[in-house]
There are 2 protein chains.
Amino acid sequence: METTLKSRETMHRLCGKGLEIFNEKGYYNTSLDDILKQLSLSKGAFYHHFKSKEDYFISIVQNLIVQKVYALLIEPLNTEENPLPIIVESLENALEPGKKNEMAYGFMLNDFLTEFNKRNEEISGYLKDILNVWEVNLVSVLKKGKLDGYIARHVDCEGVATYIIASYLGMRSLMMDSSNRQLKYQYVQQLKHYFKSLEPQPVMA
Amino acid sequence: METTLKSRETMHRLCGKGLEIFNEKGYYNTSLDDILKQLSLSKGAFYHHFKSKEDYFISIVQNLIVQKVYALLIEPLNTEENPLPIIVESLENALEPGKKNEMAYGFMLNDFLTEFNKRNEEISGYLKDILNVWEVNLVSVLKKGKLDGYIARHVDCEGVATYIIASYLGMRSLMMDSSNRQLKYQYVQQLKHYFKSLEPQPVMA
DNA sequence: ATCTGAACCGACTTACTGGTCGGTTAAATG
DNA sequence: CATTTAACCGACCAGTAAGTCGGTTCAGAT
């Protein structure tokens with residue numbers, strides 16, 4: 001069983017480094033050799049574990065990206081409290097460029113979505129699925145917030161979810177060069193303003 | 001002078017068709033031969049007019065994309081009225097997938113921005129410049145709106161401009177497959193809600 | 001009629017990259 | 001010790017695309 005362990009270990013290293021470099025330079029701009037060189041592995045090793053570059057990337061999406069999106073954007077939504085501040089917090093957190101050398105996970109989705117959109121329908125599909133799950137969860141938590149009286153009755157939860165996702169994804173195109181504190185601050189502030197307009201009006205008059 | 005005219009004509013055709021196909025399939029996923037074939041031109045013709053594929057695309061950006069962004073997103077801002085509805089209208093218009101066979105100009109910016117971000121700093125720079133001009137103009141018209149009493153005094157115009165741009169750019173990643181009426185409608189609705197929160201509070205109490 | 005040069009042609013070169021394949025290493029097994 | 005096989009090596013192949021270059025066409029100047 002020692003061999004199986006080593007196999008898993010190699011695959012794991014391949015996926016981890018792959019995500020790192022694909023995220024850094026883009027999928028099509030990264031050659032397998034780029035990755036293999038950094039891991040001191042050969043073509044043979046790679047094709048022993050994956051049947052193609054595409055298959056490789058799908059593994060990365062399904063194993064690593066899905067996981068990160070869940071951890072950063074979806075699981076935090078599980079709360080009994082007012083969902084609005086929770087959503088703000090999760091987005092703020094996801095835009096954080098990762099402690100030290102880690103990746104800015106929040107950015108990956110938009111980058112890959114755009115890169116594969118016109119190029120590879122299958123991978124596009126997997127990425128869109130992730131967005132859909134996020135959207136469904138956002139809508140769900142918003143509707144719950146409405147029931148709990150945190151959100152005004154007139155609010156279109158699907159529309160709000162769409163708007164949240166759009167603004168979040170769009171931040172990537174603005175924050176290109178690493179982390180831009182100023183932009184992030186502005187984004188969070190405006191998001192809060194927008195959210196205030198979703199709250200029920202205090203009874204008066 | 002007949003020759004110069006023909007030269008201009010060919011360059012014009014090259015740029016137009018280039019924008020069309022680059023926009024459709026992406027820059028790196030389009031070979032020069034793809035474009036040349038459609039125009040029945042040769043490699044020699046191309047390199048007679050442009051010194052490289054990169055130079056070619058920069059021409060397209062500077063001549064065509066800049067023009068379109070100005071026409072769709074910047075010039076409409078020149079108004080004496082309440083800027084908020086004007087902005088909504090310009091964005092709505094820019095998201096429109098073009099009458100008939102035209103291009104969805106509104107989408108180009110985000111796509112190219114993402115595609116070149118990690119690949120070509122120079123082109124990235126030109127694209128970012130366009131965004132900056134848009135931002136400056138948005139801020140300017142918002143500040144004017146504040147002076148004219150259309151926008152509340154507490155509003156951070158730079159923040160609002162950033163948020164507008166982010167949400168607009170992000171819509172692209174959601175509206176991938178051509179035009180999605182539903183998504184566009186949701187976007188415009190939420191944008192209006194958001195804008196409502198920027199208006200001065202009517203005096204009461 | 002001749003000449004010049006801009007516009008254009010297209011085969012070729014060069015560089016890169018995904019994928020293949022025969023061979024090697026070494027751990028596990030009998 | 002012999003055999004098997006997962007894991008791995010790296011030279012090689014095939015496809016692709018940017019860019020080159022010697023040659024051709026033809027409008028207009030001399």
Side-chain angles (χ1 to χ4, degrees), chain A residues 1-61 112 115-116 118-123, chain B residues 1-61 112 115-116 118-123:
Chain A
M1 290 302 109
E2 176 65 17
T3 62
T4 310
L5 265 184
K6 182 147 190 225
S7 180
R8 274 185 192 284
E9 159 74 13
T10 301
M11 256 173 106
H12 202 256
R13 283 204 307 147
L14 275 167
C15 286
K17 181 62 80 178
L19 178 57
E20 178 189 329
I21 304 190
F22 285 144
N23 183 47
E24 200 175 293
K25 308 201 311 169
Y27 175 86
Y28 291 108
N29 196 32
T30 301
S31 71
L32 294 178
D33 285 336
D34 289 342
I35 297 168
L36 265 9
K37 199 184 296 171
Q38 288 206 28
L39 294 175
S40 298
L41 283 176
S42 68
K43 275 281 177 67
F46 177 87
Y47 281 93
H48 177 75
H49 293 288
F50 302 97
K51 72 177 210 289
S52 65
K53 188 185 181 188
E54 180 177 345
D55 173 60
Y56 173 45
F57 189 76
I58 291 174
S59 287
I60 292 176
V61 171
F112 288 137
E115 183 168 15
F116 289 109
K118 299 161 179 171
R119 284 263 223 165
N120 186 312
E121 216 168 317
E122 187 180 359
I123 295 183
Chain B
M1 288 302 107
E2 177 65 17
T3 62
T4 309
L5 265 184
K6 183 146 190 226
S7 179
R8 274 185 191 284
E9 159 73 13
T10 301
M11 258 173 106
H12 202 258
R13 283 203 308 146
L14 275 167
C15 287
K17 181 61 80 177
L19 178 57
E20 178 188 329
I21 305 191
F22 286 143
N23 183 48
E24 200 175 293
K25 308 200 312 168
Y27 175 84
Y28 290 107
N29 197 30
T30 301
S31 71
L32 293 179
D33 285 335
D34 289 342
I35 298 168
L36 265 11
K37 199 184 298 171
Q38 288 206 28
L39 294 175
S40 298
L41 282 176
S42 68
K43 273 279 175 68
F46 178 87
Y47 281 94
H48 177 73
H49 292 288
F50 302 98
K51 73 176 210 289
S52 66
K53 188 184 180 186
E54 180 177 344
D55 173 61
Y56 173 45
F57 189 76
I58 291 174
S59 286
I60 292 176
V61 171
F112 288 138
E115 184 168 15
F116 290 109
K118 300 160 177 170
R119 283 261 223 166
N120 186 313
E121 216 167 317
E122 187 180 359
I123 295 183

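This structure is a prediction, so every number in the text was calculated from the model and none was measured.
The phosphate of D/dA7 has neither OP1 nor OP2 within less than 4.0 Å of any side-chain N or O from A/Thr10.
Put simply, OH on B/Tyr28 is 15 Å from P on C/dC16, counting in whole angstrom units. Taking atom CG of residue B/Asp33 and atom P of nucleotide C/dA11, one finds them 11 Å apart after rounding to whole Å. Protein atom NZ of A/Lys53 is 16 Å distant from nucleotide atom P of D/dT16, rounded to whole Å. We find that CZ of A/Arg8 is positioned 11 Å from P of D/dA7, with the value rounded to whole Å. At whole-Å resolution of the value, CG in B/Leu32 and P in C/dC12 are 20 Å apart. Atom-to-atom, CZ of B/Phe57 to P of D/dA17 comes out at 18 Å; the value is rounded to the nearest Å. Distance A/Glu54 CD to C/dG19 P: 8 Å, rounded to the nearest Å. Between B/Lys51 atom NZ and D/dT20 atom C1' the separation is 16 Å, expressed in whole Å.
Note that the NZ atom of A/Lys51 and the CD1 atom of A/Ile58 stand 7.0 Å from one another [nearest 0.5 Å]. Atoms CE and CD1, on B/Met11 and B/Ile60 in that order, are 10.5 Å from each other to the nearest 0.5 Å. The distance from atom CG of B/Asp34 to atom CZ of B/Phe22, rounded to the nearest 0.5 Å, is 9.0 Å. Of the inter-residue distances, the one linking B/Asn120 atom CG with A/Asn29 atom CG reads 10.0 Å to the nearest 0.5 angstrom.
Counting only heavy atoms from C-beta on, A/Ser52 has its side chain closest to C/dG19 among C/dG19, D/dA18, D/dC8.
Panel note: side chain B/Tyr28, backbone B/Glu115; no donor-acceptor pair is recorded below 3.5 Å. Judged purely by atom type and a 3.5 angstrom limit, B/Lys25 has no side-chain atom pairing as donor or acceptor with the backbone of B/Ser31.
For B/Asp55, there are no salt bridge (Lys or Arg N to Asp or Glu O under 4.0 Å) partners two or more places apart in sequence or in a different chain.
For an aromatic pair to be called close, the ring centres must be under 6.0 Å apart, and A/Phe116 with A/Tyr27 satisfies this.
Near DNA chain C, meaning a heavy atom under 4.0 Å away, the residues from residues 36-50 of chain A are A/Lys43, A/Tyr47.
Side-chain atoms of B/Leu14 and B/Phe50, non-hydrogen and from C-beta on, do get closer than 4.5 Å to each other.
Within the helix from C/dA1-D/dT30 to C/dG30-D/dC1, the inter-axis angle between the opening and closing five-pair segments is 10°, rounded to 10°.
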